[in-house]
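Reminder, nothing fancy here: chain letters follow the sequence lines and each chain counts from 1.
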Amino acid sequence: MLRTHTCGQLRKSDVGTEVTLCGWVESKRDHGGAVFIDLRDRYGLTQVVVGPPEAGSELIDEAGRVASESVILIRGKVTDRLEGKVNEKLATGEIEVRSSHFEILNSCETPPFTPSQSDLPGEDLRLKYRFLDLRRGEMQRAMFLRSKIVKSMRDYFEKHDFIDVETPILGRSTPEGARDYLVPSRVHPTSFYALPQSPQLYKQILMVAGFDRYVQVAKCFRDEDLRADRQPEFTQLDVEMSFVDADDVMGLIDGLVAESAKAVLGKEISTPLPRMTYSEAMRRFGSDAPDLRFGMEIVDITSIAKKTEFRVFRGTADSGGFVRGIAVKDAASKYSRRQIDELTEYVKGDFGAKGLAWFRVEDDGTLWSPISKNFDPEHLAEIKTLLAGEPGDLLMFLADTWEVTCKGLAGLRKRLAGELGLIDKDALHCSWVTEFPMFDRDEESGRWVAMHHPFTAPLTSDLPLLEEDPQDCRAQAYDLVINGSEAGGGTIRIHDPATQSKVFDLLGIDEETAEDRFGFLLNALKYGAPPHGGIALGIDRWVMLFAGLENIREVIAFPKTQKATDLMTEAPGQVDKEQLAELQLRTVKAKKD
RNA sequence: GGCGCGGUAGCUCAAUUGGUUAGAGCCCCGGACUGUCGAUCCGGAGGUUGCGGGUUCGAGUCCCGUCCGCGUCGCCA
């Protein structure tokens, strides 16, 4: 080692020791006759003094010229700081190192930004110079937190007898689900590998192979548009178990959540985690990943709407639609007409709502609204009672299809809670949403599509519905929700061929197609497949949520931009003609519509 | 693909209704200084206002197009 100590290590007890430190020049205060340097590494900051009598004038001059963020090595004696010069902000603030040797290991060009500057530069610059950005304390903490979380997960599964098995990155494309990233095969021109969207099929086959309990920290890839909490390349903690039911899997993960939160954050989370069915979640919160850190539950007033003269409400209710709303506590004075108009535009633009109806609860307890003249006072009173409205509250309603009221109100709920500061940033609220529907209607084709994936087992009690009423058939599926974010999801899989073929039938996957796409899995299932199920946890999101951050890029060392590029490496990039020729590929320009 | 926000000095930002030579702080460069820790003091350099076009006597500012970054809807089994 070039160094004897790190920059975060030295204390008063080390005074008198001769040490060698290496690190980056975080800042420099040049007094002419003496130079103070804050030397930084991942462990901390130590003040180095280059001055007489230990340092000669040549050394002092050299130290005075050193550029910020240069890497230096210094040797010297640890000393007490002068009387009254202790820096209480620093762990090493009681001491300093008086340099007798000063060496620039690598000088730094003037950087576009420095890790210590208070005004964070724009994100594009941070991404282009990620090596500088990653020097920042915040990024360092996020990366260490990530490492600790993954370790806590690995420890937990090791303790519970899981085996870590690696599965291929080069697999085969299965057009179900997300768009695949494709990799052309040189050996088999015109054929392509696909990067895994998840190791789903492999882990099921590992169950058939008798491994019983499998875990993997798995890189997954989905060629879909990005979001604040979504990257095209992400990491899952992938788990599969044999001879289990949904309760077993959730119970295991309950333990993981509690142990991980304890080990990493020192937080106590009581288990079992609360559970809620999908239908309850949609009814009360309009979302399958409800944020339970605050209330503002959705209330259905369709039955009252039917009695009113207000055409929008009544018409919607009479034609099978829903009128649902939320009570926003103490919001009347905080939202101007202009701001409510903005909320209206929001629900219209983002969720296709036709409008936003609202009422203010007046001091005398009556409801006032631009539309209140369309309502009998009696009906207004009923509405107020149902929503438990109190003076100063705003009551907001959407009259629309079930789906639009869900999405719109869930969006409003989240936005308003954020704007009104109702969210406790320190809370880590974890819960389960269970009994997801098996199927969803594809808007365009009108066909049934699997809500999770086509190997998901229905609830035993719902088996008859597979034929009678697929709409109402529920799955043995469960999502882990942390602070209103989907942090993981899993299912019990179908292990019986009869059920599997019924599901394929429903999804319009004929025998030939099934054979072509997942033949290897179906084949394996014929050779002694145990009942099995599992879950995949989104590690990036876990870290983001544990860190209290709102963007996944802040916990990924080298993330991609919204257009899926890497600003540092400039990937994706052009390739040589020779490379394309070897793959027998040729690029063509897409026709513009 | 749709909608919205943003792009001005190396960085973070400002610039009145379209009006003089586009400013400030930090960084950087030069000088002074032995106790600073956001060092201080003196001096200095630094601009294709993302790019292209248009309107105008005059555009950082208005219009059109385009690129880039961010958010979001669609999408994400």
message: Please report the distance separating the C1' of B:U17 from the corresponding atom of B:C13, rounded so that it comes out in whole Å.
response: 23 Å

query: Do A:R324 and A:T405 have side-chain N/O donor and acceptor atoms under 3.5 Å apart?
result: yes

statement: Applying the 3.5 Å cut-off to both distances, the Watson-Crick or G-U partner of B:C3 turns out to be B:G71

field: Whole-Å P distance, B:G65 and B:U21
entry: 32 Å

Contacting residues from residues 117-127 of chain A, given that a heavy atom lies under 4.0 angstrom of RNA chain B: A:Q117, A:D119, A:L120, A:P121, A:G122, A:E123, A:D124, A:L125

message: Going by the rule side chain to side chain contact (heavy atoms under 4.5 Å, CB included), which residues pair with A:A34 if we only count those two or more places apart in sequence or in a different chain?
response: none

message: If you only use heavy atoms from C-beta on, which nucleotide in B:C70, B:G35, B:G69 is closest to the side chain of A:R553?
response: B:C70

- prompt: Can a donor-acceptor pair under 3.5 Å be found between the side-chain atoms of A:D38 and the base atoms of B:C37?
  reply: no

task: Start with the C-alpha distance between A:E550 and A:K425, add both sets of side-chain angles, then the distance that settles salt bridge (Lys or Arg N to Asp or Glu O under 4.0 Å), and finish with yes or no.
output: CA-CA 11 Å; A:E550 288 180 356; A:K425 300 276 182 210; 3.5 Å; yes

query: Can A:F113 be said to stack with the base of B:C11, given centres closer than 5.5 angstrom and planes under 30 degrees apart?
result: no

- prompt: If you measure from the P atom in B:G38 to the same atom in B:G2, how many Å do you get, rounded?
  reply: 49 Å

field: Distance, C1' atom - from B:C28 to B:C70, rounded to whole angstrom
entry: 29 Å

query: Atom CG of A:L226 and atom P of B:G69: how far apart are they, to the nearest Å?
result: 11 Å

message: Please determine whether any donor N or O and acceptor N or O are separated by less than 3.5 Å between the side chain of A:R222 and the base of B:C76.
response: no

task: Please report the shortest heavy-atom distance between A:D400 and A:G352, naming the atom on each side.
output: OD2-O, 4.1 Å

query: OP1, OP2 of B:G69 versus side-chain N and O of A:T561: anything below 4.0 Å?
result: yes

query: What interatomic distance, in whole Å, is found between C1' of B:C29 and the corresponding atom of B:U72?
result: 45 Å

query: For the pair made of CD in A:Q47 and C1' in B:U34, what is the distance, rounded to whole Å?
result: 13 Å

Given RNA chain B, 5'-ward residue of the pair A:R541 and A:E96, judged by closest heavy atom: A:E96

Check: A:Y43 and A:Q9 side chains under 4.5 Å, non-hydrogen atoms: no

- line: Rounded to whole Å, the NZ-P distance (A:K28 to B:G38) equals 17 Å

message: Under 3.5 Å for both donor-acceptor distances, Watson-Crick or wobble: does B:U16 have a partner, and if so which one?
response: none

field: Complement of B:G10, any strand, by Watson-Crick or G-U distances under 3.5 angstrom
entry: B:C26

message: Please tell me if A:K89 has a side-chain N or O lying less than 4.0 Å from either OP1 or OP2 of B:G38.
response: yes

- request: Mind checking A:Q200 for me? I need base, sugar-phosphate or nothing, with any heavy atom below 4.0 Å counting as a touch.
  value: base

- prompt: If we take the P atom in both B:G19 and B:U61, what is their distance in whole Å?
  reply: 11 Å

task: Between B:C75, B:G69, B:G10, spot the one nearest the side chain of A:P112, thanks.
output: B:G10

message: Pair A:E69, A:R135 - check salt bridge (Lys or Arg N to Asp or Glu O under 4.0 Å), show working.
response: CA-CA 10 Å; A:E69 290 306 310; A:R135 288 181 193 170; 2.8 Å; yes

message: Taking atom types as they are modelled, would you say the side chain of A:R230 forms a donor-acceptor pair with the base of B:G71 within the 3.5 Å cutoff?
response: no

- request: Give the rounded distance in Å between these two atoms: NZ of A:K407 and C1' of B:U72.
  value: 13 Å

- request: Spell out, as yes or no, whether a donor-acceptor pair under 3.5 Å connects the side chain of A:R126 to the backbone of A:P121.
  value: no

- prompt: Within this structure, what is the CZ-to-C1' distance between A:F36 and B:A39, rounded to whole angstrom?
  reply: 9 Å

query: Which part of the nucleic acid, if any, lies within contact of A:T565, taking any heavy atom under 4.0 Å across all strands shown: a base, the sugar-phosphate backbone alone, or nothing?
result: sugar-phosphate

Any side-chain heavy-atom pair of A:W542 and A:L480 under 4.5 Å: yes

Atom pair distance, as rounded to whole Å: CD in A:E570 and C1' in B:C68: 13 Å

- prompt: Under the side-chain hydrogen bond (donor to acceptor under 3.5 Å, both in side chains) rule, what pairs show up with a residue in residues 475-490 of chain A, not counting sequence neighbours?
  reply: none

Gap between atom CD1 of A:I95 and atom CG of A:D80 - 0.5 Å precision: 9.0 Å

task: Just call it for A:S198: base, sugar-phosphate, or nothing, with non-hydrogen atoms closer than 4.0 Å on any strand.
output: base

field: Donor-acceptor contact below 3.5 Å, side chain A:D180 vs main chain A:L182
entry: no

message: Rounded to whole Å, please give me the gap between CZ in A:R135 and P in B:C11.
response: 17 Å

- line: Separation between CD (A:E240) and CD1 (A:I205), nearest 0.5 Å, reads 11.0 Å

- prompt: Just to confirm, is there a sub-4.0 Å distance from OP1 or OP2 of B:G71 to any side-chain nitrogen or oxygen of A:N551?
  reply: yes

- prompt: Given the P atoms of B:G47 and B:C42, what is the spacing between them in whole Å?
  reply: 25 Å

- prompt: So what does A:R81 hit on the nucleic acid, given a heavy-atom distance under 4.0 Å: a base, only sugar-phosphate, or nothing?
  reply: base

field: Distance-only side-chain donor-acceptor flag, A:S198 / A:Q236, under 3.5 Å
entry: no

field: Given B:C28, B:C70, B:C37, the nucleotide with the shortest approach to the side chain of A:S68
entry: B:C28

message: For a quick check under 3.5 Å, do A:Y335 and A:E419 share a side-chain donor-acceptor pair by atom type?
response: yes

task: Name the residue closer to the 5' end of RNA chain B, choosing between A:T114 and A:D80 according to the nucleotide with the nearest heavy atom.
output: A:T114

query: Among residues 52-65 of chain A, which contact RNA chain B at a heavy-atom distance under 4.0 Å?
result: A:P52

task: For A:T513 and A:D510, test the side chains for any donor-to-acceptor distance below 3.5 angstrom and give the result as yes or no.
output: yes

message: Both conditions, 6.0 Å and 45 degrees, for the charged tip of A:R415 above the ring of A:Y346: are they met here?
response: yes

message: Is it true that A:R493 and A:T491 share a donor-acceptor pair across their side chains at a distance under 3.5 Å?
response: yes

message: Applying salt bridge (Lys or Arg N to Asp or Glu O under 4.0 Å) to A:R136 and A:E138, what does each step give before you reach the verdict?
response: CA-CA 5 Å; A:R136 292 169 48 239; A:E138 270 180 293; 2.7 Å; yes

task: Let me know the distance between CG of A:L132 and C1' of B:C11, rounded to the nearest Å.
output: 12 Å

- prompt: Which value, in whole Å, describes the distance between the P atoms of nucleotides B:U16 and B:G6?
  reply: 15 Å

Quick one: which protein N/O atoms are closer than 3.5 Å to N/O atoms of nucleotides 1-4 of chain B? Pair and distance per line, please.
none

For nucleotides 31-33 of chain B, tabulate all protein N/O to nucleotide N/O atom pairs closer than 3.5 Å, reporting atom names and distance.
from  : atom 1 : to    : atom 2 : distance (Å)
B:C33 : N3     : A:D30 : O      : 3.2
B:C33 : N3     : A:G32 : N      : 3.4
B:C33 : N4     : A:G32 : N      : 3.4

